Asks: 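The structure is given below, and queries will be raised subsequently.
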Amino acid sequence: MSKRYDIAIVGSGPAGLSAALNAKIRNKEFVIFGNKNLTTKIVKAPKINNYLGFPGTSGEGLKERFQEHLKAMDIEITEERINSIYAMGEYFALMANDKAFEAKTVILATGIEYTKPIKGEEEFLGKGVGYCATCDAPLYKGKTVVIIGHNKEAEAESNYVSEIAGKVYYVPMYKGTYNLSDSITLIEDKPEEVIGDLKVKKLLLKNSEIETNAVFILKDSISPGQLVPGLKIEDDHIAVDRLMKTNIKGCFAAGDCVGKPYQYIKSAGEGNIASLSAVKYLDELSRK
Ligand SMILES: Cc1cc2nc3c(=O)[nH]c(=O)nc-3n(C[C@H](O)[C@H](O)[C@H](O)COP(=O)(O)OP(=O)(O)OC[C@H]3O[C@@H](n4cnc5c(N)ncnc54)[C@H](O)[C@@H]3O)c2cc1C
C-alpha cells in the first residue's frame, strides 16, 4: 500500500509554500506538489512593494528568499503535476501522470489561469480536447495530436506523446527555444477555435489550420472543478469559508484559486489558515 500523507498540498506558489511551512511546524507528514521554480507568477513580477518586510524586491529576489526558507526548513517540492483528485471518504487519491498518492487532507493552492479558453475548448472537452497529454496519449496511438503548450514543461510532455501518437504538432504560447523531438512539427501561430462534430476534427489558427484527432492544452493550472470532481465553484473560484474549508470534508483551498484580490501576501496568509485548519481536522480525526 502506498504511503498515506496527513496533508497533500497542490501548488508551489506563496499559498502552497506557506501551507507547507505550517504543516512542517505542526509536525505533519505532508507532500507539496509543484515545481522547484515555485511559480511563474513570481518570476514575472518586475518589482514588488506590497509584500511585508521585502520593499522593492524583484519577483526573482522574492523567489530566492522563498527557496532559502524552504531549504532552512528542510522542505522539498515534489515535481509532479496532479491531474485529478478523488475524495474517497476517509482519504483522498491524487493522480499524477503515472503515479498515485494518498492523503488524509488536501490543500488546493493551484493559482488561477489568466488565459481564457479558446472557442470550442469547453464544448469538446473530453471529446478530443484534454488537459493532460500523457494521461490520454494511449487513446491516440498512431493518430494526430496537437499540443498547445503554455510553459516549458509542455515540451517534455509532447516528446513523450510523440513516441505514441502518429503525428504531433506543437503550438507554443510563449517565446523561446523549444526542446522538441525531431518528429514534432512546430507551429508558431495563434490558436483560435477547435472544430468538430461528435469529436474534434480540426484546430483553426490565425493563419493556418490543422486536421487532428485531439487538442491538448497544457497550462500552469487546470480549473479546480476539473481537478476535484464535486468541488463547489462560485464565480469561477473555489468556494471557501473563513477557515479555508471547501464543501468537501478534509479539502481546503488557498490563494488566487479561491478569489480576488490576486496578491502574494493574501495567498500566503490563506495558505497559513488552510494548513492550520487541516491540522485541526487531522487532530479531530485521530480522536475519533
Ligand atoms: C506579472 C505579475 C506581477 C505581479 N505582481 C504582484 C505584486 O507586485 N504584488 C502582489 O501581491 N501580487 C502580484 N502578482 C500576483 C501574484 O503573483 C499572485 O497573486 C500569487 O502568485 C498567487 O499565489 P498562489 O500561491 O495562489 O498561486 P500561484 O503563484 O499561481 O502558484 C500556483 C502554483 O501551483 C502550480 N500548480 C497548479 N496546478 C497544479 C497541479 N495540478 N499540480 C501541481 N502543481 C500545480 C502552478 O504551476 C504554480 O506553480 C503578480 C502577478 C503577475 C503575473
Side-chain angles (χ1 to χ4, degrees), residues 8-22 31-63 65-67 70 77-86 92-97 99-101 103 106-115 130-135 149-154 157 174 217-229 231 236-238 240 244 251-275:
I9 301 163
V10 187
S12 53
L17 299 181
S18 165
L21 293 180
N22 287 282
V31 56
I32 170 166
F33 299 105
N35 58 77
K36 293 205 159 57
N37 254 329
L38 310 186
T39 157
T40 47
K41 291 206 193 110
I42 292 193
V43 191
K44 276 186 187 162
K47 197 172 191 176
I48 301 160
N49 265 321
N50 63 345
Y51 201 95
L52 186 66
F54 299 93
T57 181
S58 65
E60 194 61 48
L62 191 60
K63 183 190 96 176
R65 300 306 298 269
F66 285 176
Q67 283 171 326
L70 294 180
I77 294 171
T78 301
E79 292 199 290
E80 291 285 353
R81 169 151 293 270
I82 300 301
N83 297 310
S84 36
I85 302 173
Y86 300 105
F92 293 87
L94 297 97
M95 318 306 285
N97 287 342
K99 292 190 194 106
F101 298 85
V106 165
I107 298 176
L108 302 168
T110 52
I112 48 132
E113 198 55 58
Y114 293 157
T115 50
Y131 297 125
C132 174
T134 45
C135 312
H150 285 258
N151 52 36
K152 292 286 294 170
E153 286 100 68
E157 209 158 326
Y174 55 94
I217 303 166
L218 308 185
K219 303 178 186 177
D220 282 344
S221 54
I222 55 174
S223 79
Q226 302 264 339
L227 188 63
V228 192
L231 190 66
D236 296 333
H237 295 99
I238 303 169
V240 284
M244 300 293 128
C251 178
F252 306 85
D256 284 2
C257 62
V258 308
K260 288 179 179 169
Y262 301 147
Q263 303 275 267
Y264 298 119
I265 206 151
K266 175 254 191 198
S267 301
E270 288 178 348
N272 172 310
I273 300 172
S275 196

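No hydrogens, no waters, no symmetry mates; every other heavy atom, side chains included, goes into these values. All values reported here derive from a predicted model rather than from experimental measurement. Remember, it's 1-based here, ligands and their atoms both numbered in the order they're listed.
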Asks: Against ligand 1, does Lys47 come closer than 4.0 Å with any heavy atom?
Replies: yes
Asks: Is there a polar contact between ligand 1 and Pro14, counting only N or O atoms under 3.5 Å apart?
Replies: yes
Asks: Below the 3.5 angstrom mark, is there an N/O of Ala15, backbone or side chain, next to an N/O of ligand 1?
Replies: yes
Asks: Please classify the Leu38 to ligand 1 contact at 4.0 Å (heavy-atom distances, strictly less than): side chain, backbone, both or neither.
Replies: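 For Leu38, the contact with ligand 1 is made by the backbone alone.
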Asks: Using distance alone, decide if ligand 1 has a nitrogen or oxygen within less than 3.5 Å of any nitrogen or oxygen in Lys41.
Replies: yes
Asks: So is Tyr264 polar-close to ligand 1, meaning N/O to N/O under 3.5 Å?
Replies: yes
Asks: Could you see which bit of Thr40 sits under 4.0 Å from ligand 1, with heavy atoms only: side chain, backbone, both or neither?
Replies: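 Contact part for Thr40 vs ligand 1: neither.
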Asks: Does any N or O of ligand 1 fall below 3.5 Å from an N or O anywhere on Asn49, backbone included?
Replies: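 No.
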Asks: Asp256 versus ligand 1: do any nitrogen or oxygen atoms come within less than 3.5 Å of each other?
Replies: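 Indeed, backbone or side chain, Asp256 has an N or O that close.
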Asks: For ligand 1, does Lys266 get within less than 4.0 Å through its side chain, its backbone, both, or neither, judged by non-hydrogen atoms?
Replies: neither
Asks: For ligand 1, find out whether one of its N or O atoms is nearer than 3.5 Å to an N or O atom of Val10.
Replies: no
Asks: Tell me which part of Pro46 gets within contact of ligand 1: side chain, backbone, both or neither, using heavy atoms under 4.0 Å.
Replies: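 It is neither part, as no heavy atom is under 4.0 Å.
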Asks: Would you indicate which of Gly13, Ala254, Ala45 comes nearest to atom 2 (C) of ligand 1 when only heavy atoms are counted?
Replies: Ala45
Asks: Are any of the N/O atoms in Thr39 less than 3.5 Å from those in ligand 1?
Replies: yes
Asks: Using side chain to side chain donor-acceptor pair (under 3.5 Å), reason through Thr40 and Asn151 one step at a time and then give a plain yes or no.
Replies: CA-CA 9 Å; Thr40 47; Asn151 52 36; over 6 Å; no
